[in-house]
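Throughout, protein chains are lettered first and strands after them, A, B, ... in sequence-line order, and every chain is numbered starting at 1.
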2 protein chains.
Amino acid sequence: MKKVAIIDEEKTCFLCKNCLKEWIPAILAHKKNYKVKKGEIIFKEGDPVKGIFFVNNGIVKVHKRWGADKELILRFASEGMVFGHRALGGDGVYSISATAIQAGIVSYVDMEFFETTLKVNTDFAYKLLMFLAYDLRVSERKTRNVAHMPVKGRVAEALIMLKDQFGLTDDGYINIELSRQDLASFSGATYETVFRVINELISENLLVLSGKRISIANFEKLSKLTEDAA
Amino acid sequence: MKKVAIIDEEKTCFLCKNCLKEWIPAILAHKKNYKVKKGEIIFKEGDPVKGIFFVNNGIVKVHKRWGADKELILRFASEGMVFGHRALGGDGVYSISATAIQAGIVSYVDMEFFETTLKVNTDFAYKLLMFLAYDLRVSERKTRNVAHMPVKGRVAEALIMLKDQFGLTDDGYINIELSRQDLASFSGATYETVFRVINELISENLLVLSGKRISIANFEKLSKLTEDAA
DNA sequence: CGTGGCGTTGACCGGGATCAAGTAGAGTGG
DNA sequence: CCACTCTACTTGATCCCGGTCAACGCCACG
């Protein structure tokens, strides 16, 4: 995975794709594996913290609910990425939920062991630090966007982020199968609105659909929508 | 400063009020001081990263703009707190702005020195890690709130956070003088809307005003507004 | 063939942004 | 001390984006 283009152009991301094994053999030795199926809840807000998780394969959404039926997807964790790390030093319960949206295998190490490792392995702690700072920049950008950017721009940004994280298929479509509902939750808008916005983007020739797969037809114009007019 | 009550009840916060000197004498020896006056911009989005900052005294707002005249205040840094730490491992420019809203003295150490210290001082790195994880939880809660919580709840939460961070004066008012504009930006809403909402809260006897100072008259009911109905 | 779930679309509505205008201080200069 | 300006606060009127609700089509599946 490359870092989200909007934030940081060319550097590769910390703690993601394949870099896991280089840094933390001690942790890898201790991890326990879970097989998860599509839609399976790994943990949810308020659950007692079990540990810190890694995606071996599959895709996990990290999300936060509001009320009975509103959620916001904060990020997707794909192969090699950590999740549940926000629980570090917290009050012992998860502040977010994690749900598999594509079947796969996730691993976890209990928090105590992880924290011990951090204290011992300076290099790893440092890299995790960098990753958290990065995470924070992404999160704060998202907050700003939800507060001020119109839905159209948020959908555009969401698609660009998905493209950056998951890449393209051979025929140029964004390489993730995402329900419209999840795309909406990731954009911080409703199902119906996102639907309409996507139609708009298609009629403006910025996107092309094939079933539920999405292809970006005009990257330039799409990323213009994510820019600040000033 | 206590941690924001909503997130984490009783623990004291990392890297804040007075704990600075215990952890990082090396850094304190290297810091340079700046006197800032009210309204002075310390750095802004896009500026090249100078270093990491600390508040000696005064209050600094950390904010992010959208367009010419919209901003979102992400947090306030008061005595003893760090800011600019999101720049760690970034692309060399600040992704947010920092502006003094109360005159005081801020210090900074250049990023290179800070990063070196982090690599050497494991304990400090670990504590910063915990702090970043905490920051992330707060940030993600805020994102969710802006996406789904109505303005009234956001204003309520903003006031509670201010009370937790700045405490109360002897006569029970929140101990910070904040312009309505800043309160609005912190709540992620417009000036006028926040004004109306505050009036509403007053007529419901949840708040009392004295000039621009605000007192929480009914904490119970106010914090109810920040809760998820489900 | 019904039935249930999701995709699609239209109609409506309301929260909150925007616009406009008036008021009250807080300096500032004469 | 008053007039003048400037900025912040206050309030009403209006508008519109996007959320809500409802209906319909479509396909899968029992």
Trainee: May I have the distance from B:K212 (atom NZ) to D:dT10 (atom P), rounded to whole angstrom?
Mentor: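 After rounding, the reported distance stands at 9 Å.
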
Trainee: C:dA17, C:dG16, C:dG7: which one has an atom nearest the side-chain heavy atoms of A:R180?
Mentor: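 Nearest to the side chain of A:R180 among the choices is C:dG7.
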
Trainee: Would you kindly check if the NZ (Lys) or CZ (Arg) of B:K31 is within the cone defined by 45 degrees around the ring axis of B:Y108 and under 6.0 Å from the six-membered ring centre?
Mentor: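 B:K31 over B:Y108 ring: no.
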
Trainee: Quick one: is C:dG16 close enough that its OP1 or OP2 comes under 4.0 Å of any side-chain N or O from B:T190?
Mentor: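 Result: no.
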
Trainee: Rounded to the nearest Å, what distance is computed from the OH atom of residue A:Y191 to the C1' atom of nucleotide C:dT8?
Mentor: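 Going from OH in A:Y191 over to C1' in C:dT8 covers 8 Å.
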
Trainee: Could you state the atom-to-atom distance from CD of B:E200 to P of C:dG15 in whole Å?
Mentor: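 It works out to 10 Å between those atoms.
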
Trainee: CG of A:D69 versus P of D:dT20: gap in Å, rounded?
Mentor: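 In whole Å, D:dT20 P lies 8 Å from A:D69 CG.
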
Trainee: Distance check needed: D:dG18 P versus A:H148 NE2, whole Å only.
Mentor: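 One finds 14 Å between P of D:dG18 and NE2 of A:H148, rounded.
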
Trainee: Which protein N or O atoms sit under 3.5 Å from an N or O of nucleotides 21-30 of chain D?
Mentor:
{"unit_1": "D:dC21", "atom_1": "N4", "unit_2": "A:E192", "atom_2": "OE2", "d": "3.2"}

Trainee: So, B:R154 side chain and B:G188 main chain: donor-acceptor pair closer than 3.5 Å or not?
Mentor: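 Pair found, side chain donor or acceptor close to backbone of B:G188.
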
Trainee: If I take atom CG in residue A:L209 and atom C1' in nucleotide C:dT8, what distance separates them, rounded to the nearest angstrom?
Mentor: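 Rounding to the nearest Å, CG of A:L209 and C1' of C:dT8 are 13 Å apart.
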
Trainee: Who are the ring-ring contact (aromatic ring centres under 6.0 Å, His included) partners of A:F43, not counting sequence neighbours?
Mentor: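 Counting only residues at least two positions away or on another chain, A:F43 forms a ring-ring contact (aromatic ring centres under 6.0 Å, His included) with A:F53, A:Y94.
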
Trainee: Can any side-chain N or O of B:N33 pair as donor or acceptor with the backbone N or O of B:S107 at less than 3.5 Å?
Mentor: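 A pair under 3.5 Å: no.
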
Trainee: To the nearest angstrom, how far is A:K152 atom NZ from D:dC16 atom P?
Mentor: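 The distance from NZ of A:K152 to P of D:dC16 comes to 17 Å, rounded to the nearest Å.
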
Trainee: Crowded around B:F166 CZ? As in, over 12 foreign heavy atoms under 6.0 Å?
Mentor: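 Buried by this count: over 12 neighbours within 6.0 Å.
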
Trainee: Can A:E140 and B:R75 be said to form a salt bridge (Lys or Arg N to Asp or Glu O under 4.0 Å), step by step?
Mentor: CA-CA 11 Å; A:E140 292 181 338; B:R75 50 193 282 270; over 6 Å; no

Trainee: What's the closest nucleotide to the A:F195 side chain, out of C:dG7, D:dG19, C:dT9?
Mentor: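 Nearest nucleotide to the side chain: C:dT9.
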
Trainee: Under the 3.5 angstrom rule, does the side chain of B:T143 hit a backbone N or O of B:S139 as a donor-acceptor pair?
Mentor: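 Looks like yes, one N/O pair under 3.5 Å.
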
Trainee: Between A:T193 and D:dG19, is there a contact of a side-chain N or O with OP1 or OP2 at under 4.0 Å?
Mentor: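 Checking D:dG19 against A:T193, a side-chain N or O does come within under 4.0 Å of OP1 or OP2.
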
Trainee: Between atom CD in A:Q181 and atom C1' in C:dG7, what is the gap in whole Å?
Mentor: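 My rounded result for the distance is 12 Å.
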
